[in-house]
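Inspection log for the structure reproduced underneath, given as structure tokens.
Sequential numbering from 1 along the given sequence is applied to the chain's residues. In listed order, ligands and their atoms are each counted from 1.
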Amino acid sequence: MLIDSYDRVVDYLRVSVTERCNFRCQYCMPEKPFSWVPKENLLSFEELFEFMKIAIDEGVRKIRITGGEPLLREDLDKFIKMIYDYEPSIDLAMTTNAFLLKGTAQRLKDAGLKRINVSIDTLKPEVAKAIAGKDVLKNVLEGVEEALKVGLKVKANMVPMKGMNADEITDVLEYCKNRNISIRFIEYMENSYASKDISGMKSTELLEILRKNYEFKDDGFDGTSPSHYFTMTDGYRFGVIEPYADDFCKKCNRIRLTAEGQLIPCLYFDEAMSIAEAIKRGDIKGAALVLKEVVRTKPEKNRWGGEDSEVSKRAFYETGG
Ligand code: SAM
Ligand code: SF4
């Protein structure tokens with residue numbers, strides 16, 4: 001079992017299989033990065049899988065594939081199947097912008113994928129275009145419908161931004177509620193790659209809007225999820241992600257692996273250690289030592305919204321959020 005210096009059990013690994021993306025979301029990657037990681041520096045699926053096996057053997061029980069946009073990487077279903085075949089009980093999920101889901105959802109499900117989280121920031125085509133930098137909404141919504149049809153469990157993420165999509169909070173929630181998709185509203189997390197024009201919405205403001213339309217009770221935090229949950233009178237449950245809230249870090253159970261093999265203990269900080277060399281020379285013990293060291297050095301708390309807060313230099317498209 002992997003336990004950090006604050007007695008938190010780390011059993012969740014998020015794997016970014018590529019930093020590349022077909023969207024240019026204002027809050028994540030409004031401009032194409034100055035340079036992409038050269039393809040030859042990326043770990044192959046076989047190499048990533050070697051590390052997955054170590055992590056699973058050390059106690060990881062939940063794996064989320066993310067990016068950049070994970071569906072841009074060829075043969076993703078084969079990678080999913082490798083993990084599934086090694087340990088079918090792993091909670092195997094993916095976060096995607098859904099643009100390429102139509103036509104791939106069934107293959108991913110057949111390979112062993114259980115759940116997906118999809119970014120649904122708006123239901124207006126022109127707003128989707130303003131957020132993502134291209135006309136994406138039709139494909140995104142068709143992708144969501146297909147995922148539901150093939151039986152993948154679907155959750156949605158929305159980042160509410162003032163003057164952009166904040167007026168659609170109830171519309172997006174209704175869209176999700178009607179399809180039994182649980183939605184999580186993610187507070188915009190400032191980072192040095194995002195557009196400088198974003199005005200994020202605080203959870204208090206968001207909840208005030210929702211209270212005008214719905215009755216719901218506060219369920220607090222649940223297990224190791226970073227979500228603050230609320231349940232409506234009809235039983236529908238939604239979440240709010242508040243990165244500065246104490247409980248966001250208190251039960252944090254996750255570490256992140258980038259496509260080039262950087263193992264990252266916290267979404268906010270720059271610190272990371274590479275497993276690439278150990279994996280490439282087949283040094284299982286060496287890679288396991290790096291894993292344990294990263295878990296040991298996991299910081300107690302991020303610095304979003306704190307007194308010592310500064311803009312995070314970690315790119316979301318690199319860590320996968
Ligand atoms: N491309 C996929 C997608 O968009 O779902 C997966 C990667 S994306 C980095 C993962 C999640 O991070 C998305 O739900 C996105 O909304 C969220 N995200 C990106 N930048 C963010 C920011 N600055 N603040 C809050 N959430 C952010
Ligand atoms: Fe791409 Fe996801 Fe970042 Fe948007 S949030 S630019 S879809 S990685």
TODO: Taking only Lys NZ, Arg NE, NH1 and NH2, and the carboxylate oxygens of Asp or Glu, determine whether R73 and D75 approach each other closer than 4.0 Å.
DONE: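 So R73 does not pair with D75 through a salt bridge.
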
TODO: Check if F99 has a non-hydrogen atom at a distance under 4.0 Å from any atom of ligand 2.
DONE: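 In this structure, F99 fails to qualify as a contact of ligand 2 - no heavy atom is under 4.0 Å.
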
Open item on the list: So is G68 touching ligand 2 or not, going by heavy atoms under 4.0 Å?
Closed with: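 Under 4.0 Å: yes for G68.
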
Considering only the protein, which heavy-atom contact is closest to [atom], and what is its distance?
{"atom": "atom 24 (N) of ligand 1", "answer": "M189 N, 2.9 Å"}
{"atom": "atom 1 (Fe) of ligand 2", "answer": "C21 SG, 2.2 Å"}
{"atom": "atom 6 (S) of ligand 2", "answer": "C25 N, 3.4 Å"}
{"atom": "atom 9 (C) of ligand 1", "answer": "F316 O, 3.5 Å"}
{"atom": "atom 1 (N) of ligand 1", "answer": "G68 O, 3.0 Å"}

What part of [X], side chain, backbone, both or neither, has a heavy atom within less than 4.0 angstrom of ligand 1?
{"X": "E190", "result": "neither"}
{"X": "N117", "result": "neither"}
{"X": "T95", "result": "both"}

Open item on the list: Counting only heavy atoms, tell me which of S119, A156, C28 gets closest to atom 5 (O) of ligand 1.
Closed with: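 Looking at heavy atoms only, the winner is S119.
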
Open item on the list: With heavy-atom distances below 4.0 Å as the criterion, list the atoms of ligand 1 near I186.
Closed with: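 Atoms satisfying the 4.0 Å criterion: 25 (C), 26 (N).
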
Task: Counterpart residues, salt bridge (Lys or Arg N to Asp or Glu O under 4.0 Å), relative to D7 (two or more places apart) - done: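 Here no residue qualifies.
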
